[in-house]
Amino acid sequence: MSRYSLLVAIICSLVVFACAVTDSEGDSAGAGAVRGEVATGLEVPWGIAFLPGGDALVSERTTGRILRIPRGGGRPRVVRRLSGVDTAAGEGGLLGLAVSPHYSRDRLVYAYYTSSEDNRIVRFRLNGPQHVVLDGLAASSIHNGGRIAFGPDGKLYAGVGDAGNSEVSQDRDSLNGKILRLNPDGSVPSDNPFGSPVWSYGHRNVQGLAWDRAGRLWATEFGQDTTDEVNLIRKGRNYGWPIVEGRSDDSRFVKPKVTWSTSEASPSGAAIARGRLYVGALAGERLWRVPLNGPRAGKPRALLSGRYGRLRTVVRAPGGRLWVSTSNRDGRGDPRPGDDRIVRFVP
């Protein structure tokens, strides 16, 4: 063998070896990679929302605190403790956060939390009083939903769980088991389908909301015993729970775009980056990546399997990277040194 041929063979072997090592860790080219930790030592981080300058606000479910984390990561600083949060409410507590799309002008932050009486959405300035946007949502130790986000239309969307009472999901007069759509002040938009906050119904427990570039809303949903879902949400449509779990040929209900077994997923937070939907899995302890092609979803791929434990929230940070939070201290996980944490993931 010539010296040139030997050199080529060595290089090819090294390339194959490097690819094999990368693939074994679930972060091969095109899949993404973790680029350090944003913060550690958190108490069940649940909601993450970014301020205009790039710093993040993070809610802790079991303390009622809101932390501020610098854009590049670092030591969290407590900037608010919400009053009235029931921090012993099972799956409830301080849940989703959203920052006003006009924050530079109005300085408003929105939060979804469980009180001693209900689930509610409030808004406030970080140094000002709380004002109720929507209250009276049934609360329970399970299925509180809790994700809130502003859509590209400037409206506030909220995933509200069935609070353990599955029958309300098909009752359009109830706000539980729904995705809601509100004006920022809590009033009902004139183009909502039923003259109420209800945007879609027949949901069990929605905890992930994300919009693609075309303005389509994708939502993650916990199944009961067999099937978790990703749904493409359409105005006024029925998603089947509790009559249907997973796919069905019943034309009354919208079929999910993606399904998993509940042991593979238990999907919570969701974000879209570079034409792919990323979903944090709690029981599945992985980050799911789902390619999107218009209104179609491709085959999911599992990333970070078992590396960080239960994954709760996934958000797209300024600059396009994802922040992914763990939920190992929520009573159902196996905490590791430094938990709970937020890691930076590059799609």
Side-chain angles (χ1 to χ4, degrees), residues 138 142-145 147 151 157-181 191-272 275-284 286 288-302:
I142 57 173
H143 306 176
N144 291 289
R147 194 69 62 186
Y157 291 75
V160 182
D162 66 11
N165 179 10
S166 60
E167 300 306 316
V168 301
S169 297
Q170 290 295 319
D171 179 3
R172 294 207 304 253
D173 292 330
S174 169
L175 299 186
N176 283 82
K178 311 294 190 299
I179 292 176
L180 307 182
R181 178 177 182 258
D191 56 344
N192 272 18
F194 309 117
S196 75
V198 174
W199 187 247
S200 62
Y201 65 108
H203 298 291
R204 183 172 182 264
N205 194 22
V206 169
Q207 287 190 3
L209 302 170
W211 286 263
D212 62 24
R213 289 183 178 179
R216 289 177 289 252
L217 173 58
W218 299 79
T220 61
E221 183 158 349
F222 288 79
Q224 183 174 28
D225 298 317
T226 60
T227 310
D228 293 326
E229 302 175 0
V230 170
N231 288 295
L232 179 58
I233 302 302
R234 300 189 184 277
K235 175 181 178 178
R237 299 298 298 273
N238 186 344
Y239 287 79
W241 177 255
I243 302 168
V244 171
E245 181 180 355
R247 291 188 172 93
S248 167
D249 292 328
D250 193 322
S251 61
R252 294 176 296 169
F253 309 124
V254 179
K255 295 179 182 179
K257 296 294 184 177
V258 178
T259 60
W260 297 283
S261 70
T262 53
S263 62
E264 292 177 306
S266 295
S268 187
I272 293 175
R276 298 175 175 90
L277 175 69
Y278 292 85
V279 178
L282 292 164
R286 65 198 75 176
W288 283 107
R289 187 193 71 182
V290 182
L292 302 179
N293 182 11
R296 297 182 295 276
K299 183 178 179 180
R301 177 178 179 182

Are a donor atom and an acceptor atom from the side chains of R147 and S268 found within less than 3.5 Å of each other? yes

Beyond-backbone contact of V230 with P256, side-chain heavy atoms, under 4.5 angstrom: no

Heavy-atom nearest pair, F253 first then G240, reads CD2-CA, 3.5 Å

Short side-chain to backbone donor-acceptor contact, T220 and G208, under 3.5 Å: yes

Which atom pair, heavy atoms only, marks the closest approach of E264 to R286? O-NE, 3.6 Å

Consider side chain to side chain contact (heavy atoms under 4.5 Å, CB included). Of V290, N231, L232, which one does K257 pass it with? L232

D225 vs T262 side-chain heavy atoms within contact, under 4.5 Å: no

Start with the C-alpha distance between L180 and V198, add both sets of side-chain angles, then the distance that settles side-chain contact (heavy atoms from CB on, under 4.5 Å), and finish with yes or no. CA-CA 5 Å; L180 307 182; V198 174; 4.2 Å; yes

Parallel, tilted or perpendicular for Y239 and H203, by the 30°/60° rule? parallel

How long is the gap from CH2 on W241 to NE2 on H143, to the nearest 0.5 Å? 7.5 Å

Classify the side-chain pair Y157/R181 by whether it contains a donor and acceptor separated by less than 3.5 Å. yes

Can you check whether P295 reaches R216 side chain to side chain, under 4.5 Å on heavy atoms? yes

Hey, does V160 have a side-chain heavy atom less than 4.5 Å from the side chain of L175? no

If we count only N and O atoms by modelled type, under 3.5 Å, do the side chains of N238 and R252 hold a donor and an acceptor together? no

